[in-house]
Amino acid sequence: MKLSRSFYERDTVEVARDLLGMHLVRVVQGRRRVGRIVETEAYLGAVGDRAAHSFRGKTPRCAVMFGPPGHAYVYFIYGMHHCLNVVTEPEGRACAVLIRAIEPVENIDGKTCGPGLLCRALDIDRSLNGADLLGGALFLERPRGRREAAVEAGPRVGVDYAGAWALKPWRFFLPDSDCVSRRPAGRPVRK
DNA sequence: TGCCGGATCCTG
DNA sequence: AGGATCCGGCAA
């Protein structure tokens, strides 16, 4: 069942946590590519989050964040990767949730553990920036029989420049998944 | 107009 | 540890 506008129009941290276990669906040439979301991060433009693209106000790149909830904010980074966000909260708050990792469920080729990799696997680029997530090309679904799973939180990845905001535990992931782009801070996992 | 660095990923 | 490789955002 497709997630409704009201699902997105809520507190961003809650949305980020609730998105774990949901299915991300990308339709390419009538074929559904589906992945299970296992890692997200909340970005709160509304409260001055220095790590958020919207922190310094509305610019052409992040304009979609200032729009209505339930739309895709896709940006291009490091000259070679795309990242997918979903816009949250009432219009104008400029908040979004970054989708960082999915597990393959249906018709997925290639790696999907990491924001750039999942966009490559799902053929997501800036042509989808601003796309309505209640439309047919890109949307999220609550899978039937979605099971309860352990959730962990920690600091967001790659935002050390954001000072105190970098410490906020706004990264959420399913620790039981082996498809998490980066382990929590601390010692690397040994085998 | 120029330049600096990034919500990343891969290789060595 | 460092390179790839574009472009957004800010300073000048």
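Per chain, numbering begins at 1; letters A, B, ... match sequence-line order.
One can place CD1 of I77(A) at 17 Å from P of dC4(B), the figure rounded to the nearest angstrom. Across the protein-nucleic acid pair, Y75(A) atom OH and dG8(C) atom P stand 13 Å apart, rounded to whole Å. The separation between R50(A) atom CZ and dG6(B) atom P is 12 Å, rounded to whole Å. Nucleotide dG6(B) holds its P atom 10 Å from the CG atom of D160(A), rounded to whole Å. Following rounding to the nearest Å, R56(A) (CZ) and dG8(C) (C1') show an atom-to-atom distance of 12 Å. Here dA7(B) presents its P atom at 14 Å from CZ of F76(A), a figure rounded to the nearest Å. Taking atom CG of N129(A) as the reference point, atom P of dG8(C) lies 11 Å away to the nearest angstrom. If you take CZ of R171(A) and P of dT8(B), they are 11 Å apart, rounded to a whole angstrom.
Counting non-hydrogen atoms under 4.0 angstrom, R61(A) reaches the backbone sugars and phosphates but no base. Nucleic acid contact for R126(A): sugar-phosphate only, since backbone atoms but no base atoms lie under 4.0 Å from a heavy atom of the residue.
dG2(B) and dT5(C) have their P atoms separated by 23 Å, with the value rounded to a whole Å.
In this structure, Y43(A) and T12(A) have side chains that are not in contact, with every pair of non-hydrogen atoms separated by 4.5 Å or more. Within the 4.5 Å cutoff, the side chain of I77(A) has no heavy atoms near those of the H82(A) side chain.
Stacking of Y43(A) onto the six-membered ring of dA7(B) is present: less than 5.5 angstrom between centres, less than 30° between planes.
The side chain of T59(A) contributes an N or O atom lying less than 4.0 Å from OP1 or OP2 of dG9(C). Checking the phosphate oxygens (OP1, OP2) of dT8(B), a side-chain nitrogen or oxygen of R100(A) falls inside 4.0 Å. The phosphate of dG8(C) (OP1 or OP2) has no side-chain N or O of H53(A) nearer than 4.0 angstrom. For the pair Y161(A) and dA7(B), the criterion of a side-chain N or O lying under 4.0 Å from OP1 or OP2 is met.
Across all strands shown, dT5(C) forms no Watson-Crick or G-U wobble pair with both key distances under 3.5 Å. Pair assignment for dA7(B) gives none, since no Watson-Crick or G-U wobble pairing has each distance under 3.5 Å.
When atom types are taken as modelled, the side chain of R146(A) and the backbone of L20(A) share a donor-acceptor pair closer than 3.5 angstrom. Formation of a donor-acceptor pair under 3.5 Å by the H23(A) side chain with backbone atoms of V34(A) is not found in this model.
Taking only side-chain atoms of H81(A), from C-beta outward, the nucleotide of dT8(B), dC10(B), dA7(B) with the closest atom is dT8(B). Side-chain proximity of M80(A) to dT8(B), dT5(C), dC7(C): nearest is dT5(C).
Stacking of R10(A) on the aromatic ring of Y8(A) is not recorded, the 6.0 Å distance cut-off and the 45° axial limit not both being met.
Put simply, the side chain of Y78(A) and the base of dA4(C) share no donor and acceptor less than 3.5 Å apart.
Using the six-membered ring where Trp is involved, W170(A) and W165(A) have ring planes that are tilted, between 30° and 60° apart.
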